[in-house]
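Quick notes on the structure that follows.
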Amino acid sequence: MIEPVSPAEVDARADEWRPDLLAALRGLYGLRGDDLCDVLEKRAREAAAQRAPEMVARDRERAVRPDWYLSNERVGYMAYADRFGGGTLDGLRDRIPHLVDLGVDVLHLLSLLTPRVGESDGGFAIRDYRSPDPRLGTPADLQQLIGALHDAGINLCVDFVLNHTSDDHEWTLAARAGSVYHRDLYITFPDRTLPDRYEATLPEVFPDLSPGNFTWIAELERWVWTTFRDFQWDLNWANPDVMIEVADLAFHLANLGVDVLRLDAIAFTWKRLGTNCQNQPEAHLVAQALRAALGIAAPATILLAEAIVGPDDLLGYLGRHELERRECELAYHNQLMVQGWSMLATREAALARVALSRLPDPPSRTTWFTYVRCHDDIGWAIDDPDATAVGVTGAGHREFLARFYRGDFPGSFARGTPFGINPTTNDERTSGMGATLAGMTAAVEAGDPAAVDAAIERLLLLYAIAFGYGGIPIIYMGDELCMVDDRGYLDDPLRHADSRWCHRPEFDESIAARAFVAGTAEQRLWDGIRALVTARRRCLPLHGATSSHPIDIGHPSVFAWHRRHPRFGELLGLANVGDGAATITPPSALGTRTSGLVDHLDPDANRLFQIAPRQVRWVAQPPGYAPIP
Ligand code: GLC
Ligand code: GLC
């Protein structure tokens with residue numbers, strides 16, 4: 001029997017979070033912030049009172065284990081709700097054993113809530129945040145699914161699309177019908193004067209699918225701000241009503257049992273004339289206000305920033321500002337992902353070392369979501385100064401990567417598909433499943449077993465970096481089965497123009513079955529990733545409270561990183577991205593303490609500092625060893 005939440009518990013939370021809430025709201029809304037703080041606190045308390053007993057229990061557990069998401073035991077998985085579950089929430093429940101076998105305990109389900117009718121940007125145009133996609137099941141089915149996930153020890157992460165709603169959301173319908181309250185939840189203009197001035201400095205996220213950032217809506221007789229597709233209306237965060245409405249949605253999702261709210265496109269939430277309207281200081285205040293409000297209502301729920309932004313802008317989303325703030329607990333490590341693919345293409349580690357060394361450490365309460373692939377394209381986020389530091393140019397290297405990964409470069413093993421080509425800026429992004437980008441598709445076409453081996457090793461190499469860098473590693477559905485691109489989207493009028501669909505295949509039981517057939521690519525990936533999960537769980541220095549730092553190990557093809565936790569010891573990561581074996585000298589970072597070290601990925605290895613092509617080592621004290629501080 002779980003005791004209901006007591007007024008004293010909620011009072012204590014309000015005392016803890018009110019100063020943060022007030023500061024964020026004053027920063028956003030000036031003097032109105034004080035009244036708004038009272039309103040939000042009241043709503044948060046109401047939400048706290050409505051929390052189900054199991055969620056109250058989760059709040060209490062996490063109050064005494066606040067670092068649960070930093071643990072080296074966490075392993076994530078991301079999948080489309082419909083494409084993973086065979087189209088229903090019940091089908092998703094049937095996939096729980098697959099996740100449990102893999103060792104996953106954080107599940108990011110994409111496209112779970114009711115999307116726009118017709119095209120919906122893969123579910124990122126939401127019509128109703130309060131119910132699951134009716135094609136998948138009912139709210140009761142969702143509740144059952146969440147219960148089953150929690151029973152299996154799996155935390156649920158859901159997209160919280162807070163920069164925009166779909167153009168058929170009830171607020172847009174009311175706005176079209178003449179409600180000024182609802183119109184003002186969005187950013188609208190009577191004519192082109194301001195839109196033209198904003199456009200002068202605004203980039204385009206989907207230059208080909210949806211050029212420009214504004215859409216004329218006849219019923220409103222106004223231009224509506226639409227950063228992404230023309231059917232995604234940007235919310236007007238300068239209007240405090242948006243804060244109240246959206247916070248209510250956050251409470252609703254948290255009370256359903258969502259453990260991680262993924263703040264979709266958080267960087268875009270605040271607009272300022274003369275800027276690119278990303279990463280404005282107020283976008284951080286939006287996240288901080290939501291963090292604080294949830295801290296009162298539903299403290300078990302944490303925030304993940306989806307901020308695919310440059311290194312200088314990224315750490316703010318984890319609360320690193322001039323004065324540290326509590327903001328999001330997690331953020332995507334986009335740089336590590338991009339640099340991993342860049343290393344595979346160049347077989348050199350220097351650029352990754354320079355770029356990743358420049359990134360400040362996350363605050364110790366926060367950590368990364370580390371990943372190899374996700375549902376989005378890869379934007380080749382190579383910074384100009386980093387490129388210059390290793391003797392290439394940013395533009396040249398970005399162009400090289402786009403060409404290499406579309407398979408249009410001598411010696412390329414990749415068969416990716418271009419995405420979001422911008423003729424004005426010459427920018428080109430890349431779509432493709434990890435296996436296709438790592439060489440599997442080309443190797444199978446060529447019928448070349450050695451190339452198949454190399455492709456498998458490349459994909460596992462990137463996963464071994466993602467699993468060993470610290471933070472929660474995320475497996476993208478299909479990678480554990482070496483799934484390649486799905487060209488089916490080309491025949492679907494609703495999807496054919498968006499090449500991201502090539503890397504959003506449907507889970508296929510017959511492919512999954514091959515994970516248990518010795519010698520198949522499926523089996524090698526499945527066992528390879530499971531081995532990473534097991535090794536990570538036993539490798540205490542991977543606890544996320546401290547950061548990894550790249551080091552120069554004196555070999556051009558070996559990417560090396562070092563991390564040290566004052567209680568859990570240190571770890572030296574070594575990834576040989578080259579095609580030849582590499583021998584290195586133990587780095588001074590380890591001092592003289594090289595005796596007794598083992599490779600957690602190959603515990604029997606005795607020549608720790610010899611590394612085969614595409615091999616990764618995690619060199620540390622043996623499993624379970626925790627030095628006395
Ligand atoms: C996020 C999603 C992406 C979507 C965009 C607009 O970046 O990851 O898939 O297109 O937001 O919602
Ligand atoms: C850009 C945006 C990201 C969006 C993606 C869509 O990377 O920063 O928010 O989801 O494009 O492809």
Side-chain angles (χ1 to χ4, degrees), residues 76 78-83 108-116 118-127 129 157-169 172 186-187 202-213 215 224-235 237 246 249 260-269 271 276-279 283 286-287 303-310 313-314 317 328 330-334 337-338 369 371-379 381 417 419-420 429-432 474 476-477 489 494-495 497-504:
M78 69 184 291
Y80 277 87
D82 52 347
R83 306 178 80 75
H108 173 196
L109 279 182
L110 291 146
S111 217
L112 184 66
L113 307 178
T114 307
R116 178 178 187 272
E119 264 190 281
S120 68
D121 187 26
F124 283 94
I126 295 187
R127 180 156 57 100
Y129 292 75
C157 170
V158 168
D159 295 298
F160 193 43
V161 184
L162 79 174
N163 177 68
H164 45 265
T165 73
S166 76
D167 66 352
D168 59 0
H169 187 276
T172 69
Y186 299 94
I187 310 172
L202 275 175
E204 292 169 307
V205 177
F206 298 133
D208 43 356
L209 294 172
S210 197
N213 288 277
T215 303
V224 174
W225 197 307
T226 52
T227 301
F228 293 87
R229 300 294 297 273
D230 55 11
F231 50 74
Q232 289 162 303
W233 292 17
D234 285 39
L235 287 163
W237 279 94
V246 174
L249 297 176
V260 184
L261 282 177
R262 173 186 177 278
L263 301 188
D264 182 65
I266 178 69
F268 293 84
T269 46
K271 328 293 185 194
N276 65 359
C277 298
Q278 290 179 44
N279 308 309
V286 166
L303 301 182
L304 161 65
E306 192 251 342
I308 310 303
V309 303
D313 291 315
L314 182 54
Y317 296 96
C328 297
L330 303 167
Y332 285 87
H333 203 328
N334 180 59
M337 185 276 291
V338 167
F369 239 45
Y371 65 117
V372 172
R373 282 303 288 120
C374 72
H375 67 295
D376 278 329
D377 50 287
I378 305 178
T417 306
F419 179 83
R429 287 127 71 182
T430 302
S431 292
I474 305 300
Y476 182 59
M477 190 216 89
Y489 77 102
L494 290 184
R495 297 186 291 143
D498 186 339
S499 72
R500 289 177 297 173
W501 287 103
C502 75
H503 55 247
R504 299 168 178 175

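Counting starts at 1 for both ligands and their atoms, in listed order. These numbers come from the heavy atoms of this one structure, side chains and all, not from hydrogens, waters or symmetry mates.
- Within ligand 1, the atoms closer than 4.0 Å to a non-hydrogen atom of Phe228 are 5 (C), 6 (C), numbered from 1 in the order shown.
- Annotation: side-chain contact (heavy atoms from CB on, under 4.5 Å) contacts of Ser210 (sequence neighbours excluded): Phe206, Arg229, Asp230.
- Near Asp264, meaning under 4.0 Å from one of its heavy atoms, ligand 1 places the atoms 1 (C), 2 (C), 6 (C), 7 (O), 8 (O), 11 (O), 12 (O).
- Neither the backbone nor the side chain of Arg229 has a heavy atom within less than 4.0 Å of ligand 1.
- Below 4.0 Å from some heavy atom of Phe206 lie the following atoms of ligand 1, by number and element: 10 (O).
- Atoms of ligand 1 lying under 4.0 Å from any heavy atom of Glu306, numbered from 1 in the order shown and given with element: 1 (C), 7 (O), 8 (O).
- Ligand 1 has an N or O atom lying under 3.5 Å from an N or O atom of Asp376, backbone or side chain.
- Applying the side-chain contact (heavy atoms from CB on, under 4.5 Å) rule to Ala79 yields the partners Tyr77, Phe84, Met477; only residues at least two apart in sequence or on another chain are considered.
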Leu162 vs Trp237, side-chain contact (heavy atoms from CB on, under 4.5 Å): CA-CA, chis, key distance, verdict: CA-CA 9 Å; Leu162 79 174; Trp237 279 94; 4.0 Å; yes
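- Close contacts of ligand 1 with Asp121, meaning ligand atoms under 4.0 Å from a residue heavy atom, involve 4 (C), 5 (C), 6 (C), 10 (O), 12 (O).
- The shell of residues lying under 4.0 angstrom from ligand 1, judged by heavy atoms, includes His164.
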Steps toward side-chain hydrogen bond (donor to acceptor under 3.5 Å, both in side chains) verdict (Thr417, Ser499): CA-CA 7 Å; Thr417 306; Ser499 72; 5.7 Å; no
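- Ring orientation note: the planes of His375 and Phe124 are close to parallel, at an angle under 30° on the 30°/60° scale.
- Here Tyr371 and Tyr332 bring their ring centres to under 6.0 angstrom of each other.
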